[in-house]
J.: 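Have a look at the structure that comes next, please.
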Number of protein chains: 2
Amino acid sequence: MGYRENPRPGGRSARVQAAVHQSVRDMLATMDRAEVTIPMIAQRANVTPSTIYRRWGDLQALLADVAAAHLRPEGEPARIGSAREDLEAWVEQYADEMASGVGRQMLRDILAAADSANAEKCGTYTRYQLSVFIARAEACGEPFPTLAELMDHVISPIIYRILFDQTPDPHYVRKLVAKVMRESVVSA
Amino acid sequence: MGYRENPRPGGRSARVQAAVHQSVRDMLATMDRAEVTIPMIAQRANVTPSTIYRRWGDLQALLADVAAAHLRPEGEPARIGSAREDLEAWVEQYADEMASGVGRQMLRDILAAADSANAEKCGTYTRYQLSVFIARAEACGEPFPTLAELMDHVISPIIYRILFDQTPDPHYVRKLVAKVMRESVVSA
DNA sequence: CCACTAACGCAAATTATTTGCTTTTATACA
DNA sequence: TGTATAAAAGCAAATAATTTGCGTTAGTGG
């Protein structure tokens, strides 16, 4: 009865999941989110609507699932130079992606879902990425903010602005990073 | 054809709006959000479903409207002592309310709506409340953070935690306020 | 008091969702 | 290799939500 969280790769279930996810991405790219329906997604994915209803429950949950999958990091963030430079580059790209139309919509879909599992997942992704920079800095003996400081004073303000409709521009993002770095130096 | 944003008070339209809002609040208090439907809301409000569909569009939008109405501040925040004390008390209550089950759900409803007008409204409410503390501090010559500092380093982290499922506890909230106050003193 | 129109009610038509039952298909084990 | 098993998919009927056209009501301004 229960659907497994991570279907065995290559199985039928995995194929259906991939087809449905792809279908959702296609539709979101083509048309307005408000006119996307489960029957349409099902048709494009060559699947019956009831399959989607049984597996995901409703549109909200499906969209949240697709969004979370998209937001999952591919690997470790790029290494350019110092941990600070790496962080700056990463945050700037993060802000850009989240503030884009698609990114914003994904955020909303994730937060709107009744089940907060995807939201948690997202937070975990971000914390993981940041912890990589922290580890690098530590390895070099470079002074660096803590994870909590980065989450509270860099990530949170960016996300807040995006959600409440004030796009964070690159200059603003750099200022946030600069500030948190300055404080970490002082306290070190 | 168009529905006016603020119906004339006392008119039929205003009565319908009040009845529907009340109905929504009643239902959210009684039952799970997932089982609330427009036909049910309509019945309890003694209104036809089509009235609700025509006026609000869909459940998301209606819930966002109700939530935004609930979040609108009643008046100026309480005056207890210094601006700092006032701020501390207010933020603590703000965090509590937003982190509660109902508050969290309202936040989500507001953010999930296709139209971001309600989200913006909410942000404006918060900024307005904070600006009152700033004005008070200025009147007393008390050093105080700027609006941007408060939004970025107090409000944003609180909201982020709530949305991504880490309830901010009172101690954490006090620390945020303490930190932003400390910095404002340094820079003054 | 009358004309005007935004907003509502009603009901039929459409569309989405749920559900019981059947069939398919991976997988584990003989 | 088969064969048993169970998870997940398909199908179709039943239910529920949404949309829409049209007639009615009730505030508003003349």
Side-chain angles (χ1 to χ4, degrees), chain A residues 1-24 26-28 30-66 69 109 112-115, chain B residues 1-24 26-28 30-66 69 109 112-115:
Chain A
M1 269 292 152
Y3 284 78
R4 42 179 77 234
E5 169 96 5
N6 294 318
R8 294 194 179 80
R12 177 172 57 156
S13 174
R15 281 200 305 279
V16 167
Q17 175 172 352
V20 170
H21 272 223
Q22 184 59 50
S23 168
V24 169
D26 286 353
M27 307 206 66
L28 287 180
T30 332
M31 54 201 299
D32 195 68
R33 195 190 155 296
E35 23 193 319
V36 172
T37 66
I38 288 191
M40 288 171 96
I41 294 168
Q43 184 170 33
R44 184 184 279 244
N46 274 107
V47 148
T48 11
S50 68
T51 294
I52 295 182
Y53 286 115
R54 284 218 162 88
R55 187 152 169 178
W56 281 276
D58 60 11
L59 187 59
Q60 254 339 300
L62 172 55
L63 292 180
D65 189 44
V66 173
D109 288 336
D115 180 359
Chain B
M1 268 293 151
Y3 285 77
R4 43 179 76 234
E5 167 96 3
N6 294 317
R8 294 193 179 79
R12 177 172 56 158
S13 174
R15 282 199 304 279
V16 167
Q17 175 173 353
V20 170
H21 273 223
Q22 184 60 49
S23 168
V24 169
D26 287 354
M27 307 205 65
L28 287 179
T30 330
M31 55 202 298
D32 195 67
R33 196 190 155 297
E35 22 193 322
V36 173
T37 67
I38 287 191
M40 290 171 96
I41 293 168
Q43 183 169 33
R44 184 184 279 244
N46 274 108
V47 149
T48 328
S50 68
T51 294
I52 295 181
Y53 286 114
R54 284 219 162 88
R55 187 151 168 180
W56 281 277
D58 61 10
L59 187 59
Q60 256 336 304
L62 172 55
L63 292 179
D65 189 44
V66 172
D109 288 335
D115 179 1

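In the text below, chain A, chain B and the rest are named by the order of the sequence lines, each starting its count at 1.
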J.: What nucleotide, of D:dA8, C:dA16, C:dC8, holds the atom closest to the side chain of B:Ser13?
T.: C:dC8

J.: Starting at CD of B:Glu35 and ending at C1' of D:dA17, how long is that distance when rounded to a whole Å?
T.: 16 Å

J.: Which residue, B:Arg54 or B:Pro9, contacts DNA chain D at a nucleotide closer to its 5' end, judged by nearest heavy atom?
T.: B:Arg54

J.: What distance separates A:Asp109 CG from A:Arg33 CZ, expressed to the nearest 0.5 Å?
T.: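 Going from the CG atom of A:Asp109 to the CZ atom of A:Arg33 covers 4.5 Å.
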
J.: Give a yes or no on whether B:Gln22 atom CD has more than 12 heavy-atom contacts from other residues, nucleotides or ligands under 6.0 Å away.
T.: yes

J.: Compare the minimum distances between each of D:dT20, C:dT25, C:dT19 and the side chain of A:Arg12, then state the nucleotide with the smallest one.
T.: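 Between D:dT20, C:dT25, C:dT19, the one nearest the side chain of A:Arg12 would be C:dT25.
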
J.: Without decimals, in angstroms, what is the distance between A:Ile52 CD1 and C:dT18 P?
T.: 13 Å

J.: How long is the straight-line distance from CD1 of B:Ile52 back to OG1 of B:Thr37, given to the nearest 0.5 Å?
T.: 9.0 Å

J.: Which residue, A:Val16 or B:Gly57, contacts DNA chain D at a nucleotide closer to its 5' end, judged by nearest heavy atom?
T.: A:Val16

J.: Scan A:Gln60, A:His21, A:Arg55 and name whichever one has a side chain to side chain donor-acceptor pair (under 3.5 Å) with A:Asp65.
T.: A:His21

J.: Does the base of D:dG10 carry an N or O that pairs as donor and acceptor with the side chain of A:Arg55 under 3.5 Å?
T.: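 Looking at the base of D:dG10, it does not pair with any donor or acceptor on the side chain of A:Arg55 (distance under 3.5 Å).
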
J.: Side-chain N or O of A:Thr48 less than 4.0 angstrom from OP1 or OP2 on D:dG10?
T.: yes

J.: State the CZ-CE distance between B:Arg44 and B:Met27, to the nearest 0.5 angstrom.
T.: 5.5 Å

J.: Quickly work out the A:Gln17 CD to D:dA7 C1' distance and round it to whole Å.
T.: 15 Å

J.: Could you give the CZ-to-C1' distance, from B:Arg15 to C:dC8, as a whole number of Å?
T.: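 Result: 11 Å.
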
J.: Whole Å only: how far is the CD1 atom of B:Ile38 from the C1' atom of D:dT19?
T.: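 My rounded result for the distance is 12 Å.
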
J.: What is the separation between atom CG on B:Asp58 and atom P on D:dA16, rounded to the nearest whole Å?
T.: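 My rounded result for the distance is 21 Å.
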
J.: Quick one: which of D:dA17, C:dA26, C:dC8 gets closest to the side chain of B:Thr37?
T.: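 Among D:dA17, C:dA26, C:dC8, the one nearest the side chain of B:Thr37 is D:dA17.
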
J.: Give B:Ser50 one of three labels, base, sugar-phosphate or nothing, depending on what nucleic acid heavy atoms sit under 4.0 Å from its own.
T.: base

